[in-house]
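Presented below is the structure to which this report refers.
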Amino acid sequence: MRRRLFLASAASALAGCGPIGSALNNNDNVRRILASAEGLNHLLIGTRGLAREYRENDVDRHFRVNGFAAPSDTRYTDLVARNFAPYRLFVEGAVERPAIFSLAQLRRMPQQTQITRHDCVEGWSAIGKWSGVPLGGLLDMVGLRNDARYVVFRCMDNDGSGNLYYESLDLHQASHPQALLALRLNDAPLDPDHGAPVRLRVPTQLGYKSAKWVARIEVVGSFATIAGGRGGYWEDQGYEWYAGI
Ligand SMILES: Nc1nc2c(c(=O)[nH]1)N[C@H]1C(S)=C(S)[C@@H](COP(=O)(O)O)O[C@H]1N2
Ligand SMILES: [Mo]
């Protein structure tokens, strides 16, 4: 956190730096990135760094449950009762070939396993063994259109006032080699409390990015018109969109 704060102030100093500003003036993307401390954090820390992977012995026996309760509506309880056979993951938006996947289809795709640490912004961590479909591979399957910029994850749970949980990653983060659509935790299918049947697992970012109960993946050019417009449920309440650790 201290490092992030330090970088944030370095970014404010940079923002006032004339020569850099003018050299990059013609590049909208770079200018936009430099304009925000968040963006500079992103640039300096880099997003290709791999999260540490642990050994089987390091796995925490109990993986804490956090956030909203598992959905309690009949659509979800029916899915649970039927072992998620009727579950479908919709992948749509700015993609060449929108697709709908059953859980069986997702299980037949090439799987990745990672033993990584989940870090919640509230100050607890847990090491888990996660398996599932690499997100980048899935996005390759559907093909991104030229206007694709962000991948939005729409979840099945809500905060009790009807606001659905959602999250987003940019394309760079979404194709990170450890960004996973997790189907399993600790050698068992995900249980409802941990986001069954499909959740996002992003070990390079804080826990709130790892959306549980994912029903729909929507590729967009901008998330400005979605819910509060800040790219995620918690971001709409003031959390940073870029949650790299
Ligand atoms: N759909 C959904 N995803 C979510 C949340 C949530 O409330 N709803 N909470 C987030 C937060 S803050 C954390 S720390 C992790 C908790 O995951 P766990 O319950 O498997 O430990 O899920 C994240 N993903
Ligand atoms: Mo969290």
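Order of listing sets the numbers, starting from 1, for every ligand and every atom in it. The model shown is predicted, which means the values in this text are computed figures rather than measured ones.
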Contact atoms of ligand 1, heavy-atom distance to Cys155 under 4.0 Å
1 (N)
Side chain, backbone, both or neither: the part of Tyr233 lying under 4.0 Å from ligand 1 by heavy atom:
neither
Pair Arg107, Ser102: side-chain N/O donor-acceptor within cut-off below 3.5 Å:
no
How far is atom 8 (N) of ligand 1 from the closest protein heavy atom, and which atom is that?
Asp157 OD2, 2.7 Å
Parallel, tilted or perpendicular: which describes the rings of Tyr165 and Tyr233, with under 30° parallel and over 60° perpendicular?
parallel
Side chain or backbone of Phe153 under 4.0 Å from ligand 1, or both, or neither, by non-hydrogen atoms?
neither
Is Asn66 close to ligand 1, meaning an N/O of one under 3.5 Å from an N/O of the other?
yes
Please confirm whether Ala211 approaches ligand 1 to less than 4.0 Å, judged on its heavy atoms.
yes
Donor-acceptor side-chain pairing of Gln178 and Gln112 below 3.5 angstrom:
no
May I have the step-by-step check of side chain to side chain donor-acceptor pair (under 3.5 Å) for Thr116 and Arg201, ending in yes or no?
CA-CA 10 Å; Thr116 50; Arg201 175 69 195 128; 3.1 Å; yes
Does some side-chain heavy atom of Thr77 sit less than 4.5 Å from a side-chain heavy atom of Leu79?
no
Is any side-chain heavy atom of Val121 closer than 4.5 Å to one of Tyr208?
yes
Proximal ligand 1 atoms for Phe63, defined as those under 4.0 Å from one of its heavy atoms
20 (O), 21 (O)
Sub-4.5 Å side-chain heavy-atom contact between Val59 and Ile115
yes
Does Asp140 CG have over 12 foreign heavy atoms under 6.0 Å away?
yes
Ring centres under 6.0 angstrom apart (Trp241, Tyr150)
yes
Could you find the nearest protein heavy atom to atom 7 (O) of ligand 1 and give me its residue, atom name and distance?
Phe68 N, 2.8 Å
Would you sort out whether Val198 and Leu183 count as a side-chain contact (heavy atoms from CB on, under 4.5 Å), showing the intermediate values?
CA-CA 5 Å; Val198 178; Leu183 311 177; 3.6 Å; yes
Short list, please: which atoms of ligand 1 are under 4.0 Å from a heavy atom of Cys120?
14 (S)
Out of all atoms in ligand 1, which are within 4.0 Å of some heavy atom of Trp124? Include the element for each.
14 (S), 21 (O)
Going by heavy atoms, is Tyr166 under 4.0 Å from ligand 1?
no
Closest non-hydrogen protein atom to atom 10 (C) of ligand 1, residue and atom name please, with distance?
Tyr165 OH, 3.4 Å
Counting each atom of ligand 1 from 1 as listed, which ones have a heavy atom of Gly67 under 4.0 Å away?
7 (O), 9 (N)
Residue and atom name of the nearest protein heavy atom (relative to atom 19 (O) of ligand 1), distance in Å to one decimal
Lys212 NZ, 2.5 Å
Of all the atoms in ligand 1, which lie at a distance below 4.0 Å from a heavy atom belonging to Trp213?
1 (N), 2 (C), 8 (N)
May I ask you to test the Val65-His194 pair for a side-chain heavy-atom distance under 4.5 Å?
yes
The closest protein heavy-atom partner of atom 24 (N) of ligand 1 is Ser210 O, 2.9 Å
Between His118, Arg199, Arg64, which one has a non-hydrogen atom sitting closest to atom 20 (O) of ligand 1?
Arg199
